Number of protein chains: 2
Amino acid sequence: MNTVEKRPVYLQVRDQLADKIQSGIWLANEKLPAERQLSEQFSITRVTARQALVQLEAEGLIFRSNRRGWFVTPQRINYDPSRDIGFVSYVEEQGFSARTETLSKMLIEVPDWVAEQAGIPEGTPVYEIFRRRYINERPCLIEKIYLNPKNCPGILQHSLDRSLWHLLRTEYKLDPYERHIEIYPQTLEARVADALAVNTGSTGLYIRRLCHDQNGEFLELDEEFWLHNAMKVVVSVTSNG
Amino acid sequence: MNTVEKRPVYLQVRDQLADKIQSGIWLANEKLPAERQLSEQFSITRVTARQALVQLEAEGLIFRSNRRGWFVTPQRINYDPSRDIGFVSYVEEQGFSARTETLSKMLIEVPDWVAEQAGIPEGTPVYEIFRRRYINERPCLIEKIYLNPKNCPGILQHSLDRSLWHLLRTEYKLDPYERHIEIYPQTLEARVADALAVNTGSTGLYIRRLCHDQNGEFLELDEEFWLHNAMKVVVSVTSNG
DNA sequence: CTTTCAATCTGGTATATACCAGATTCTAAA
DNA sequence: TTTAGAATCTGGTATATACCAGATTGAAAG
């Protein structure tokens, strides 16, 4: 590798790899050469090659699949957490395929932190739903949902592999009035990372949505753990005056 | 270091360091021991110690200052990009100090991508303002602002080290009606990273806000590049019905 | 007391090497 | 043809070492 340049070698390698991606030589989801191959091609150590790859991963250009290799990240989808239109149709509108899988659903005692956030008494029963969502068959987010059973008794009997809010609207006549949304980058904890088939500790984007109805009553708390490179949050807000 | 555990050594080290932070033994902005000290303490290589540190950095628990060392990340502030109340007062409400610094301000021909986003003709003149904002004297974000001169002629004559929207409201009677907001994690490009005194390629959070008035006329395009661990986006949305 | 500059401390980058464990592929047996 | 298991490929983790360059510190010179 050229050492005359002042730019560090691993960044030079990064640049060349990034070029191949941005120029379209390597397409979305395509596998990159193995680390050992890259280190040979560029006459660098595997450690240095890895540095370049990790850099590209941080930038969102590539992602890794546990012990299978490195792949080109597909385009980000837009995502509006303030709207409750179906995830699937929303994603499909953007030209991607989407799918939801329910991992678990049960009635539990509300976790303390949820009770605090939702403003309901400790120990209240709530529905807890875990879902995994795919975009183009790639698992992109894990969702943890807490619902107030008062408003939607028996909802666990339904299939939850489709739009939850469609169900809440049609079956239970529920409509969220106010949504409080929090967003920040965070690393994915082991269980979530496993469920998304990425390494523990890889960075993700955390979104929490708390919905109340007109009477200020708690409807839903939704926690989403996204791959950081899978989407772009898009919100439109019209003035309050 | 204990090798009986199945958890990788670098994560065990991570855990012990994280403990010291979360238990409050190490306070916000406190300097961690040097990498070489840590590797000696834990009987590991510096490379492995670094792995633990990089992990903690990704989690937002610590940050680095170029060749000065590693430090404990202070608490995230809340930030609502949909509101236009002054940054400084907003941050101070949360018990932190804040400060804004204008890096440059000029009248330029609108960059093509801005014209496209804003829906104004190519080549139109716009004001371009670069600012740097501090929280507790730590540079936390870089802001690039594009303003429509039609609406706020001569604004560059004013001091821009205070609330821009306060100025726009009081001096020019401007009020944003619709805001289109985009948020996603992204690595910081060299110039931004330098201005924030972090390494090029460190992860950040990108926020773009596009404001129009009631007539659909372009008011402002605001791009913000945040340290990923400095804040938490908080938005409240009331129903559209 | 202040300034200057060298010594030192710290992270940044890079090489060479090794072994492990999950994923994939290939091969030989059923 | 199918299947079980071995060989192989791939990333994951870890050691040992080295040199560079910016930041800080401390001592000597003014």
Side-chain angles (χ1 to χ4, degrees), chain A residues 1-15 17 30-58 62-72 139 187-188 190 193-202, chain B residues 1-15 17 29-58 62-72 139 187-188 190 193-194 196-202:
Chain A
M1 200 61 223
N2 179 7
T3 330
V4 178
E5 291 256 7
K6 44 270 153 202
R7 192 165 166 78
V9 174
Y10 82 95
L11 288 180
Q12 295 178 44
V13 172
R14 182 228 86 101
D15 293 343
L17 299 180
E30 193 169 332
K31 188 177 174 306
L32 271 65
E35 292 178 1
R36 285 170 178 83
Q37 282 179 51
L38 288 173
S39 56
E40 202 179 339
Q41 275 179 37
F42 289 101
S43 306
I44 53 177
T45 10
R46 209 185 122 205
V47 181
T48 306
R50 253 181 104 78
Q51 242 183 313
L53 292 168
V54 168
Q55 177 60 37
L56 285 166
E57 181 191 36
I62 64 175
F63 67 95
R64 56 180 121 183
S65 179
N66 198 4
R67 278 169 234 268
R68 293 200 317 121
W70 298 86
F71 302 84
V72 177
T187 52
L188 303 174
D194 285 350
L196 291 174
V198 296
N199 297 325
T200 303
S202 43
Chain B
M1 201 61 224
N2 178 6
T3 328
V4 178
E5 291 255 8
K6 43 271 152 198
R7 192 163 165 80
V9 174
Y10 83 95
L11 288 179
Q12 294 178 44
V13 172
R14 182 228 87 104
D15 293 343
L17 299 180
N29 295 304
E30 192 170 333
K31 188 177 175 306
L32 272 65
E35 292 178 0
R36 287 170 178 83
Q37 281 178 50
L38 287 174
S39 55
E40 202 179 338
Q41 275 179 37
F42 289 101
S43 305
I44 53 178
T45 13
R46 208 185 124 205
V47 181
T48 306
R50 253 182 103 77
Q51 242 182 313
L53 292 168
V54 168
Q55 177 60 35
L56 285 165
E57 182 191 37
I62 63 175
F63 67 95
R64 54 179 122 181
S65 179
N66 199 1
R67 278 170 234 268
R68 294 202 314 121
W70 297 86
F71 302 84
V72 177
T187 51
L188 303 174
D194 284 350
L196 291 175
V198 297
N199 297 326
T200 303
S202 43

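Within every chain, numbering begins at 1; the chains are lettered A, B, ... in the order of the sequence lines, protein sequences first and strands thereafter. Since this is a predicted model, take the numbers as computed values, not measurements.
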Contact pattern, 5' to 3', of nucleotides 5-13 of chain D - B, S or - by protein heavy atom under 4.0 Å:
-----BBBB
Min side-chain heavy-atom separation [X]-[Y] under 4.5 Å:
X: A:Glu57; Y: A:Trp70; result: yes
X: B:Ile62; Y: B:Leu17; result: no
X: B:Val13; Y: B:Thr48; result: no
X: A:Asp15; Y: A:Arg7; result: yes

Contacts of B:Ser202 that satisfy side chain to side chain contact (heavy atoms under 4.5 Å, CB included) - sequence neighbours left out:
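Side chain to side chain contact (heavy atoms under 4.5 Å, CB included) list for B:Ser202, sorted by chain: B:Leu188, B:Val198.
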For B:Asn29, give me all partners under side chain to side chain contact (heavy atoms under 4.5 Å, CB included), at least two apart in sequence or on another chain.
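With neighbours one apart ignored, the set is B:Phe63, B:Pro74.
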Inter-end axis angle, the helix from C:dC1-D:dG30 to C:dA30-D:dT1, with every axis fitted to five base pairs (rounded, 10 degrees):
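Comparing the first five pairs with the last five, the axes sit 10° apart.
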May I ask you to verify if any side-chain N or O of A:Thr48 is less than 4.0 angstrom from the OP1 or OP2 atom of C:dT15?
yes
What pairs with A:Glu35 under salt bridge (charged side-chain N to carboxylate O under 4.0 Å, His left out), at least two apart in sequence or on another chain?
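A:Glu35 satisfies salt bridge (charged side-chain N to carboxylate O under 4.0 Å, His left out) with A:Arg46, A:Arg50 once adjacent residues are dropped.
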Report the residues that fulfil salt bridge (charged side-chain N to carboxylate O under 4.0 Å, His left out) with B:Asp194, sequence neighbours left out, ordered by chain and then residue number.
none
Starting at CG of B:Asp194 and ending at C1' of D:dG22, how long is that distance when rounded to a whole Å?
13 Å
